[in-house]
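These notes are about the structure you will find just below.
Proteins come first, then strands; the chains are lettered A, B, ... in the order of their sequence lines, and each starts at number 1.
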There are 2 protein chains.
Amino acid sequence: MNRAVAVEGCAELAAELRQARAGVTDTRASLAAVGRVYTAFARRRPALYDAMFTHIVPLPFATPEAPAALREAFGELLSAVEPLAAEGEEPGLLTETYWASLHGLVTLMRSGRLPERAHEHRLELLIAHFTAGEK
Amino acid sequence: MNRAVAVEGCAELAAELRQARAGVTDTRASLAAVGRVYTAFARRRPALYDAMFTHIVPLPFATPEAPAALREAFGELLSAVEPLAAEGEEPGLLTETYWASLHGLVTLMRSGRLPERAHEHRLELLIAHFTAGEK
């Protein structure tokens, strides 16, 4: 049951991320667009978000056997992050790192460790530093 | 009770972070040192880590009223992150952003969404991108 909810949630998130990237060609703007949509999704649907990424579920994440919806959601993040990978950096691992940063921002707000009010500002800083080395 | 555990955990983490930074003057090395020690602490002591940063506890985080141990742990991260703040960037918010990235890395490993084996590599990528704009 939780497995089905997690997969369905990933499909919804993938669709929102895809829409966020549509027509955005600038790398920094694309990274910002997926970052905003991802964190907004997590804040708007906390129970679904936990089923997707916090609760233990029997799903093979980060493998070729992952359900299509999981690979699609990750693929949308990957498309935004990939142009930022420097020579020798593995785009998949860089995407996981950006994903983890977004996840940390939303979960620390949820647990009351980070004030909600500065969220947009933190997201801007994350993106500024992630893209700082870009040519 | 949980409150006392969280405060004690922050005191222990602060001491470990302080030791990690001792004698390290290079900015990137300092950021890497606190990143490694922070994530190692979270992985080694998952229940304590959850009491500190995941479970809801009646503690005033991110305010001047926070217990000294919380401010000390945050202060150690701040000392490592502060040199990276660009003109106009608020060091405290940048520190919260780096903290969130570390938190996301450890919690997504805990929930099985990110494979443990690439942790060191992800941490390197995070630090490389956080410091990329540095002069």
Of all of B/His103, B/Glu124, B/Glu90, which one pairs up most often with chain A through heavy atoms under 4.5 Å apart?
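The residue among B/His103, B/Glu124, B/Glu90 with the greatest pair count is B/His103.
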Going by distance alone, is a donor N or O of one side chain under 3.5 Å from an acceptor N or O of the other, for A/His129 and B/Glu89?
yes
Passing candidate, side-chain hydrogen bond (donor to acceptor under 3.5 Å, both in side chains) with B/Glu96, options A/His119, A/Arg113, A/Arg122:
A/Arg122
Sort A/Ala128 into side chain, backbone, both or neither according to what part of it lies under 4.5 angstrom from a heavy atom of chain B.
side chain
So, the part of A/Met52 with a heavy atom under 4.5 Å from chain B: the answer is backbone
Audit row: B/Trp99, A/Leu114, side chain to side chain contact (heavy atoms under 4.5 Å, CB included) steps and yes/no:
CA-CA 10 Å; B/Trp99 173 29; A/Leu114 289 181; 3.7 Å; yes
Proximity breakdown for B/Val106 and chain A, heavy-atom pairs closer than 4.5 Å:
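The answer is neither part of B/Val106.
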Rounded to the nearest 0.5 Å, what separation is found between the NE2 atom of A/His121 and the CG atom of B/Leu93?
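If we round to the nearest 0.5 Å, A/His121:NE2 and B/Leu93:CG are 5.0 Å apart.
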For the atom pair CG (A/Leu125) and OG1 (B/Thr97), what is the distance rounded to the nearest 0.5 Å?
5.0 Å
Other residues, nucleotides, ligands: >12 heavy atoms within 6.0 Å of B/Arg44 CZ
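More than 12 heavy atoms, drawn from other residues, nucleotides or ligands, come within 6.0 Å of this atom.
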Can any side-chain N or O of A/Ser111 pair as donor or acceptor with the backbone N or O of B/His55 at less than 3.5 Å?
no
Closest heavy-atom pair and its distance - B/Leu108, A/Ala100:
CD1-CA, 3.8 Å
Take B/Leu126 and A/Ser101 through the side chain to side chain contact (heavy atoms under 4.5 Å, CB included) test and state the conclusion after the steps.
CA-CA 9 Å; B/Leu126 175 67; A/Ser101 301; 4.1 Å; yes
Based on non-hydrogen pairs under 4.5 Å, which of A/Leu123, A/Ile56, A/Leu94, A/Leu59 is most in contact with chain B?
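Heavy-atom pair counts peak at A/Leu94.
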Among the clusters formed by ILVMFWY side chains lying less than 4.5 Å apart, do A/Leu78 and A/Val24 turn up in the same one?
no
